[in-house]
Amino acid sequence: MTILVTGGAGFIGSNVVRGLVKRGESVRVLDDFSSGKLSNLNDVMASVEIVEGDVRDAETCEKVCRGVDGISHQAALSSVPGSIDEPITYHDVNVTGTLNLLRAARDQGTQRFVLASSASVYGDAVDVVKTEDLTLCPLSPYACTKLTAEAYALAFKATCGLNTVALRYFNVFGPFQDPDSTYAAVVPNFAARLMSSTPPTIFGDGEQVRDFTFIEDVVAANLLALTCDESACGEAYNVACGSCYSVNELFTVMRDCIGGGAAHIEPLRQPTRKGDVRSSMASIDKARSVLGYSPQVEFGDGIRRTVDWYLQNLIAPGGTAVRDERESAFD
């Protein structure tokens, strides 16, 4: 098959590209390189076609969808604080960009469209464990854009038969995640600060819980969604581990993994941020039973592997922490 990966030079996208190449697929990447890095694809550069372009441009979307069998749509702006600052821009990229691709996929006869959605669509639902049938209550403009993109994707299945699947990611982390973005996700942010012996910031009391999901499991979910039976399409699925850890626990585990000068660092405490969700843990029963999804990397192992990657890639000779510009991963 020929698969288009939008945002394919970013954190999640580049890992999906590697997974597809490893599986023997023909891969086309669309990225505007506003946050994604061409260097993220160095190890597969010879095996992929790379197109520089923006999903907000309908003509570009039509061109890159020609001749593709499936689309893994990872391109997005993905920060809750960023969306509060720039809601129109987030809508343009995450909603209009998705609609452009859906229309192009329909017109070009694409067989499968997998959308990267987000756990943020649940908001602060009373239920601690998030199941796909809960009433959705987005608390930020970012979450609203993801819910709207989902609605469009599933509507294209209902109205024109485009086989769409929405994957609701829960706090993805792993190699290639940006530690130096203005809105860096918590794992790379903690890693960069601890490696440079700088106290990281924890917002609120740190007892907010998250279902941290290692990137390899997210890639596996995408590969399954691209090839699952048509009867599984037109649905949204949680992609997570089905367990949760507090931000305080995350800090302790990462500090212990990094060791050295980080061993005695304590975090700075700041007030809770607007739009932050208190509790986020997924039920993965639906993805497990319908898609055959089964997470393979538990939290501690994933953190150790991620820290090892940062130590190998973001530490210069002599022990100085190095900042690198890679895409921010997730909310």
Side-chain angles (χ1 to χ4, degrees), residues 10-12 14-15 34-37 40 76-86 118-120 140 142 169-215 218 244-278 280 299-300 302-316 319-331:
F11 162 47
I12 296 177
S14 64
N15 279 288
S34 59
S35 56
K37 298 284 287 184
N40 287 352
L77 296 175
S78 52
S79 161
V80 168
S83 74
I84 295 171
D85 293 340
E86 298 288 344
S118 166
S120 66
S140 67
Y142 166 68
Y169 299 158
F170 281 68
N171 295 90
V172 187
F173 71 97
F176 293 96
Q177 195 172 17
D178 181 11
D180 204 32
S181 164
T182 302
Y183 303 114
V186 63
V187 171
N189 179 283
F190 281 10
R193 288 182 173 274
L194 287 168
M195 283 168 20
S196 59
S197 298
T198 303
T201 298
I202 291 179
F203 295 94
D205 62 7
E207 289 305 302
Q208 58 270 39
V209 297
R210 297 290 183 266
D211 198 328
F212 293 102
T213 312
F214 192 59
I215 184 61
V218 173
C244 61
Y245 295 85
S246 72
V247 174
N248 288 331
E249 289 175 307
L250 171 69
F251 171 78
T252 300
V253 171
M254 293 191 67
R255 182 177 61 182
D256 291 346
C257 283
I258 291 170
H264 303 292
I265 291 176
E266 294 296 331
L268 301 175
R269 302 283 177 173
Q270 294 291 335
T272 301
R273 296 178 299 182
K274 293 180 180 179
D276 276 357
V277 172
R278 181 69 178 174
S280 183
F299 174 72
I303 291 295
R304 283 189 293 273
R305 290 167 63 179
T306 301
V307 166
D308 285 347
W309 186 87
Y310 283 129
L311 290 171
Q312 292 170 18
N313 289 275
L314 300 180
I315 295 292
T320 302
V322 176
R323 303 297 178 125
D324 192 17
E325 296 178 2
R326 294 190 177 94
E327 182 196 24
S328 175
F330 242 63
D331 48 358

Legend entry - Residue pair F176, N15: steps toward the side chain to side chain contact (heavy atoms under 4.5 Å, CB included) verdict: CA-CA 8 Å; F176 293 96; N15 279 288; 4.2 Å; yes
Inset, instruction - May I have the step-by-step check of side chain to side chain contact (heavy atoms under 4.5 Å, CB included) for T213 and F173, ending in yes or no? - result: CA-CA 6 Å; T213 312; F173 71 97; 5.6 Å; no
Inset, instruction - Carefully, step by step, assess K37 and N40 under the rule side chain to side chain contact (heavy atoms under 4.5 Å, CB included). - result: CA-CA 5 Å; K37 298 284 287 184; N40 287 352; 4.0 Å; yes
Legend entry - F170 vs R210, side chain to side chain contact (heavy atoms under 4.5 Å, CB included): CA-CA, chis, key distance, verdict: CA-CA 8 Å; F170 281 68; R210 297 290 183 266; over 6 Å; no
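Among the candidates D308, N313, I215, the single residue satisfying the side-chain contact (heavy atoms from CB on, under 4.5 Å) test with P175 is I215.
When all heavy atoms of P81 and R273 are compared, the pair lying nearest together is CG-NH1, 3.9 Å.
Looking at heavy atoms from C-beta onward, Y142 lies in side-chain contact with S118 at the 4.5 angstrom threshold. Counting only heavy atoms from C-beta outward, the side chains of F214 and R305 approach each other to under 4.5 Å. Contact of the F251 side chain with the L194 side chain is registered, since non-hydrogen atoms from C-beta on lie closer than 4.5 Å.
Note: L77 CG to S34 OG = 7.0 Å, rounded to the nearest 0.5 Å. Rounding to the nearest 0.5 angstrom, the gap separating the CD atom in Q177 from the CZ atom in F11 is 4.0 Å. To the nearest 0.5 Å, the span separating CZ on F190 from OG1 on T306 amounts to 14.0 Å.
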Could you give the side-chain donor-acceptor pairs of residues 252-267 under 3.5 Å, partners two or more places apart or in another chain?
unit_1	atom_1	unit_2	atom_2	d
T252	OG1	N248	O	3.2
R255	NH1	I265	O	2.6
R255	NH1	E266	OE2	3.2

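Here D205 pairs with E207, Q208, R278 under the side-chain contact (heavy atoms from CB on, under 4.5 Å) rule; sequence neighbours left out. Partners of F299 according to the ring-ring contact (aromatic ring centres under 6.0 Å, His included) rule, which considers only residues two or more places apart in sequence or in another chain, are F212, Y245.
Judged by distance alone, with hydrogens and angles left aside, the side-chain atoms of E86 form no donor-acceptor pair with the main-chain N or O of S83 at under 3.5 Å.
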